[in-house]
Amino acid sequence: MRLSTSITAVTTMSMVMGIALVQGAAHADSPALSSPVPSALSRDCSGLVRIRAFSDDLDKKTLDGVYVGNLSALAVDRGGHIAAVSDESYLYSLDVREKAGTLSAEAMSVAPLTDLNGAAPDSEGLAVDLDGTRLISSETEPSVTRYDRDGTAVEALPVPAALAVAPAGRAVRNQTFEGLTLQPGGRTLVASMEGALSGDETGVVRLQTWQRAGVGKPFKTGAQYGYQADQGLGVVELAPAGDGRLLVLERGFTTDVGNTVRLYLADPRRADDVSGTENLTSDSSARLAPKTLLADLADCPTLGATAEQPQPNPLLDNIEGLAVTGRTAAGRLRILLVSDDNERETQITRLYSLDVALPH
């Protein structure tokens with residue numbers, strides 16, 4: 001979603017296939033629970049997360065007359081490319097490469113998106129299914145729609161009525177399906193609400209799941225889990241950790257200060273199904289998904305990055321997309337992040353390559 005002066009917010013294939021990036025606990029609610037701030041000479045953002053490189057290659061570029069920006073989600077596609085969507089209703093294919101500590105990126109193709117009713121979606125989340133089709137969440141209704149590889153809408157998934165934007169449901173406008181991911185095996189799809197439903201505690205958001213019997217079978221609504229975001233932050237993206245846990249990206253913005261971006265590890269396997277809970281709170285009897293802080297990205301080294309507006313770290317911008325792209329030789333997750341520049345001169349479309357060691 002667009003983020004201005006107020007607080008805002010890989011598919012299964014990414015866990016089993018390569019990518020053209022060539023290589024050369026319980027509730028942790030504050031950054032105080034992270035590892036010590038790394039030294040300026042390291043590439044460590046924390047004891048668990050290390051930044052490898054960043055790239056501004058896509059910033060303020062166009063392709064076939066279409067602006068390459070407003071990027072809100074990433075997913076690993078076939079052939080080692082990266083699929084991306086913008087909240088201006090476009091689907092992109094990106095060629096992203098990393099070699100000798102340098103990250104490069106180029107937009108290869110772009111296609112407009114419309115839903116089954118011919119309307120342009122506010123496309124925020126993206127997962128590439130095992131058959132190559134794209135599952136894309138829209139924050140407008142909200143909705144999750146399947147598209148073919150060319151961006152043609154094929155089917156819409158069912159969404160619980162309570163998650164609809166008011167007055168149809170209890171969701172707040174621009175605070176709905178911001179994140180979307182497939183768990184390994186492709187049987188479980190997960191979408192994250194960016195903000196709380198009306199009647200729920202502020203900061204306690206819902207993670208909606210869909211289940212299916214196998215690839216090609218229809219998705220049906222499944223369990224719903226609660227997750228508590230840090231104060232003033234929203235949930236903007238999810239990605240699979242590979243073992244049932246989820247990487248969760250939380251983000252916020254403060255005028256004259258900049259962005260806050262934190263990466264968490266959450267475990268819905270240890271949470272209760274709250275689909276039948278009317279008013280969800282942090283102190284209710286229902287167990288929320290426990291989370292562990294992996295890194296506050298303000299603690300990453302700058303790598304010489306510059307910012308177009310005040311930021312606690314010039315490397316930061318409006319980071320919104322997250323994909324797991326593989327593993328390092330040491331078994332750490334390799335992840336790719338992207339920032340949404342909102343097509344503004346004061347913001348940057350920036351890609352980030354990091355690796356993550358998962359705690360047990």
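The figures here come from the full heavy-atom set of this structure, side chains too, leaving out hydrogens, waters and symmetry mates.
Listed for the T209 side chain is a donor-acceptor partner under 3.5 Å among the backbone atoms of A223. No donor-acceptor pair closer than 3.5 Å links the side chain of D340 to the backbone N or O of N318. A distance-only check finds no donor-acceptor pair linking the side chain of R350 to the backbone of F54 [under 3.5 Å]. S192 contributes a side-chain N or O that, together with a main-chain N or O of G179, makes up a donor-acceptor pair within less than 3.5 Å. No donor-acceptor distance shorter than 3.5 angstrom exists from the side chain of Q183 to the backbone of T188, with no hydrogens or angles considered. For T176 (side chain) and E141 (main-chain N/O), no donor-acceptor pair under 3.5 Å exists by modelled atom type. No donor-acceptor pair closer than 3.5 Å links the side chain of D129 to the backbone N or O of G132. No donor-acceptor distance shorter than 3.5 angstrom exists from the side chain of Q228 to the backbone of V205, with no hydrogens or angles considered. A donor-acceptor pair under 3.5 Å links the side-chain atoms of R206 to the main chain of V274, judged by distance alone. Side chain of S353 to backbone of A53: no donor-acceptor contact under 3.5 angstrom is found.
Using a 4.5 Å cut-off on side-chain heavy atoms (C-beta onward), L280 and L288 make contact. By the 4.5 Å heavy-atom criterion applied to side chains, E237 and I319 are not counted as neighbours. With contacts defined as side-chain heavy-atom distances shorter than 4.5 Å, the pair L126/I136 qualifies. Contact check for E178 versus L249: no side-chain heavy atoms found under the 4.5 Å cut-off. Side-chain atoms of V338 and L58, non-hydrogen and from C-beta on, never get closer than 4.5 Å to each other. Proximity of T325 to L74: side-chain heavy atoms (C-beta onward) are nowhere separated by under 4.5 Å. In this structure the side chain of L246 reaches within 4.5 angstrom of the side chain of P268, judged on heavy atoms. For the pair T140/P121, no side-chain contact is recorded, criterion being any heavy-atom separation below 4.5 Å from C-beta on.
A salt bridge is absent between R262 and E250; no separation between the charged side-chain nitrogens and carboxylate oxygens falls under 4.0 Å. The pair R334-D355 does not count as a salt bridge, with every side-chain nitrogen at least 4.0 angstrom from each carboxylate oxygen.
For Y90, the OH atom sits in a loose shell: 12 or fewer heavy atoms of surrounding residues, nucleotides or ligands are nearer than 6.0 Å. For K217, the NZ atom is loosely surrounded, since the number of other residues' heavy atoms within 6.0 Å does not exceed 12.
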Going through the checks in order, is the side-chain hydrogen bond (donor to acceptor under 3.5 Å, both in side chains) test met by R146 and T133?
CA-CA 7 Å; R146 184 183 300 277; T133 58; 2.7 Å; yes
Derivation and outcome, side chain to side chain contact (heavy atoms under 4.5 Å, CB included), residues L48 and L293:
CA-CA 9 Å; L48 298 170; L293 180 64; over 6 Å; no
Give the C-alpha distance, both sets of side-chain angles, the deciding distance and a yes or no for side chain to side chain contact (heavy atoms under 4.5 Å, CB included) between L263 and I335.
CA-CA 11 Å; L263 183 65; I335 66 173; 3.9 Å; yes
Any chance you could lay out the side chain to side chain contact (heavy atoms under 4.5 Å, CB included) test for L135 and L180, step after step, and finish with the verdict?
CA-CA 8 Å; L135 294 159; L180 187 71; 4.1 Å; yes
Between I51 and L315, does a side chain to side chain contact (heavy atoms under 4.5 Å, CB included) hold up when you go through it step by step?
CA-CA 11 Å; I51 184 160; L315 184 70; 3.4 Å; yes
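Separating the CD atom in Q309 from the OG1 atom in T346 is a distance of 5.0 Å, to the nearest 0.5 Å. Summarising the geometry, atom CD belonging to E139 is positioned 5.0 Å from atom CG belonging to N174; distances are rounded to the nearest 0.5 Å. Note that OG of S123 and OH of Y147 are 7.0 Å apart. Values are rounded to the nearest 0.5 Å. Here the straight-line distance linking atom CG of N313 with atom CG of N259 works out to 11.0 Å at 0.5 Å rounding. We find the CD-CE distance between Q208 and M193 to be 9.5 Å, quoted to the nearest 0.5 Å. Note that CG of L63 and CE of M108 are 9.0 Å apart. Values are rounded to the nearest 0.5 Å.
Side-chain atoms of D317 and Q311 include no donor-acceptor pair closer than 3.5 Å. Side chain to side chain, S275 and D273 meet the donor-acceptor criterion of an N or O pair below 3.5 Å. Between the side chains of N342 and Q347, at least one donor N or O lies within less than 3.5 Å of an accepting N or O.
Clustering ILVMFWY residues whenever any of their side-chain heavy atoms sit less than 4.5 angstrom apart, transitively, puts V165 in a cluster other than the one holding V144. Note on L337 and L303: same hydrophobic cluster, where clusters join Ile, Leu, Val, Met, Phe, Trp and Tyr whose side-chain heavy atoms are under 4.5 Å apart, directly or indirectly. Linking ILVMFWY residues whenever their side-chain heavy atoms come closer than 4.5 Å, directly or via other members, leaves Y67 and V85 in distinct clusters. I348 is not connected to L297 by any chain of hydrophobic side-chain contacts under 4.5 Å among Ile, Leu, Val, Met, Phe, Trp and Tyr, and they are in different clusters.
Shown here for G186 and F219, the closest heavy-atom pair between the two residues is O-CZ, 3.8 Å. Taking all atoms of both residues into account, the shortest heavy-atom contact from L130 to R78 is O-NH2, 3.2 Å. L94 approaches A107 most closely through the heavy-atom pair CD2-CA, 3.8 Å. In plain terms, the two heavy atoms of A75 and A127 that are nearest each other are CB-CA, 4.3 Å. What you find for W210 and V190 is that their closest heavy atoms are CZ3-C, 4.5 Å. Counting all heavy atoms, side chain and backbone alike, L163 lies closest to A171 at O-CB, 3.2 Å.
Considering E320, E343, E88 in turn, E343 is the only one that fulfils the side-chain hydrogen bond (donor to acceptor under 3.5 Å, both in side chains) rule with N70.
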